[in-house]
Amino acid sequence: MPIEYKTIEEVAGPLMLVRDVENVTYNEMGVIELANGEIRRCRVLEVDGSNALVQLFESSIGINLSNSKVRFLGKPMEFGVSEDILGRVFDGLGNPIDGGPPIIPEKRMNINGLPMNPVARDYPSEFIQTGVSAIDGLNTLVRGQKLPIFSGSGLPHAKLAAQIARQAKTRGAKEPFAVVFAAIGITFEEANFFIESFKESGAIDRTVLFVNLANDPAIERISTPRLALTASEYLAFDKGMHVLVILTDITNYADALREVSAAKKEIPGRRGYPGYMYTDLATIYERAGRQKSKPGSITMIPILTMPEDDKTHPIPDLTGYIT
């Protein structure tokens with residue numbers, strides 16, 4: 001039974017300091033129970049001796065320091081996967097938002113994943129057809145590859161992303177193919193466009209959609225691409241499918257990373273982004289690939305809008321290096 005702590009020292013915006021905790025680890029999930037019985041989720045950002053700095057997934061409004069209780073769950077954030085996730089729409093924390101029934105998981109997977117052993121990687125070779133002639137003819141997408149799309153502000157990257165997701169297919173007719181689409185920090189209008197676009201074309205049946213809106217908390221935005229990749233790893237390496245992952249917009253993800261880093265009072269790097277942003281982006285991009293002796297593959301198209309159309313900005317610069 002997890003220990004309940006009533007030792008909340010202070011709450012500052014999305015951060016909360018809990019004193020006198022025992023055996024709490026970095027990235028561990030927790031729940032806060034308010035005096036009225038309401039439950040809110042949180043995650044450990046930092047552990048210093050017996051003090052834990054916790055980030056809230058929901059608003060901190062209404063938390064009473066003396067009456068609220070915190071319970072740490074002893075595990076990182078997990079996503080319950082089964083083949084029923086195909087055709088479903090989830091929020092940035094993996095909760096269904098399409099009005100359908102809850103998912104009965106075949107297993108629960110840590111959303112942070114495990115690095116793929118470089119020796120176990122298979123060389124990308126087969127073609128994925130996107131139906132966009134400029135990509136198929138000039139910059140062919142290969143299974144297990146990472147192919148970023150750099151967009152200037154105001155250019156129709158959302159339409160291109162939706163078009164690729166609708167049209168993409170493998171050349172072999174019998175090969176199982178799925179699309180995992182993660183929309184990060186977008187407006188409600190854009191989210192609606194993606195969902196309706198997939199429903200109209202029937203592509204929703206082979207698509208798993210994760211939608212994180214611009215008004216959702218920054219900490220949720222950091223989880224969204226990881227949830228998408230966890231779903232992809234399950235479909236590709238457990239179910240033998242060829243999965244195309246589309247992440248849009250990585251710029252919103254990096255801005256959320258900067259916001260969380262600033263809240264933790266970390267020393268900023270270039271343009272205020274944390275110095276570990278290269279490593280952090282690599283933990284996302286490097287989850288694409290093929291594994292020897294496994295039939296499935298994960299192919300990734302990260303889409304990012306370049307701030308001020310500047311390709312030397314840290315986000316496109318690091319993305320270019322990694323991919």
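If you're wondering where the values come from, they're calculated on a predicted model, not measured in any experiment.
- With salt bridges taken as basic N to acidic carboxylate O contacts below 4.0 Å, none links Asp98 and Lys199.
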Show the atom names and distances, to 0.1 Å, of all donor-acceptor pairs under 3.5 Å that link a side chain in residues 5-14 to residues at least two apart or in another chain.
from	atom 1	to	atom 2	distance (Å)
Tyr5	OH	Glu22	N	3.0
Thr7	OG1	Arg19	O	2.6
Glu9	OE1	Arg19	NE	2.3

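- Leu56 is not listed as a side-chain neighbour of Pro217, based on a closest heavy-atom distance of 4.5 Å or more.
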Please set out all donor-acceptor pairs under 3.5 angstrom arising from side-chain atoms of residues 149-161, sequence neighbours excluded.
from	atom 1	to	atom 2	distance (Å)
Ser151	OG	His157	ND1	3.2
His157	ND1	Leu155	O	3.2

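- Of all the heavy atoms in Ile315 and Thr251, the pair that sits closest is CD1-CG2, 3.9 Å.
- Side chains of Lys169 and Glu175 form no contact here, defined as non-hydrogen atoms less than 4.5 Å apart.
- Residue pairs satisfying the ring pair (Phe, Tyr, Trp, His ring centres under 6.0 Å) criterion with at least one member in residues 293-312, sequence neighbours excluded, are absent.
- A search for ring-ring contact (aromatic ring centres under 6.0 Å, His included) contacts involving Tyr273 returns His313, not counting sequence neighbours.
- The list of ring pair (Phe, Tyr, Trp, His ring centres under 6.0 Å) pairs with a residue in residues 9-59, not counting sequence neighbours, is empty.
- Looking at Arg121 and Glu286, a side-chain N of the basic residue comes within less than 4.0 Å of a carboxylate O on the acidic one, giving a salt bridge.
- Residue pairs meeting the ring pair (Phe, Tyr, Trp, His ring centres under 6.0 Å) criterion with at least one partner in residues 197-243, sequence neighbours excluded, are Phe79-Phe210, Phe90-Phe210, Phe181-Phe198.
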Evaluation steps, side-chain contact (heavy atoms from CB on, under 4.5 Å), between Val211 and Asp91: CA-CA 5 Å; Val211 179; Asp91 66 9; over 6 Å; no

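- Annotation: the span from Ile284 atom CD1 to Lys146 atom NZ amounts to 12.5 Å, rounded to 0.5 Å.
- Residues Thr207 and Arg166 bring no donor and acceptor atom of their side chains to less than 3.5 Å of each other.
- No more than 12 heavy-atom neighbours from other residues, nucleotides or ligands sit within 6.0 angstrom of NZ on Lys265.
- More than 12 heavy atoms of other shown residues, nucleotides or ligands fall within 6.0 angstrom of atom CD1 in Ile39.
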- prompt: Going through the distances and angles, do Arg226 and Asp280 end up as a salt bridge (charged side-chain N to carboxylate O under 4.0 Å, His left out)?
  reply: CA-CA 11 Å; Arg226 291 183 167 82; Asp280 194 278; 3.4 Å; yes

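- Atom CZ of Phe127 sits in a crowded spot, with more than 12 heavy atoms from other residues, nucleotides or ligands closer than 6.0 Å.
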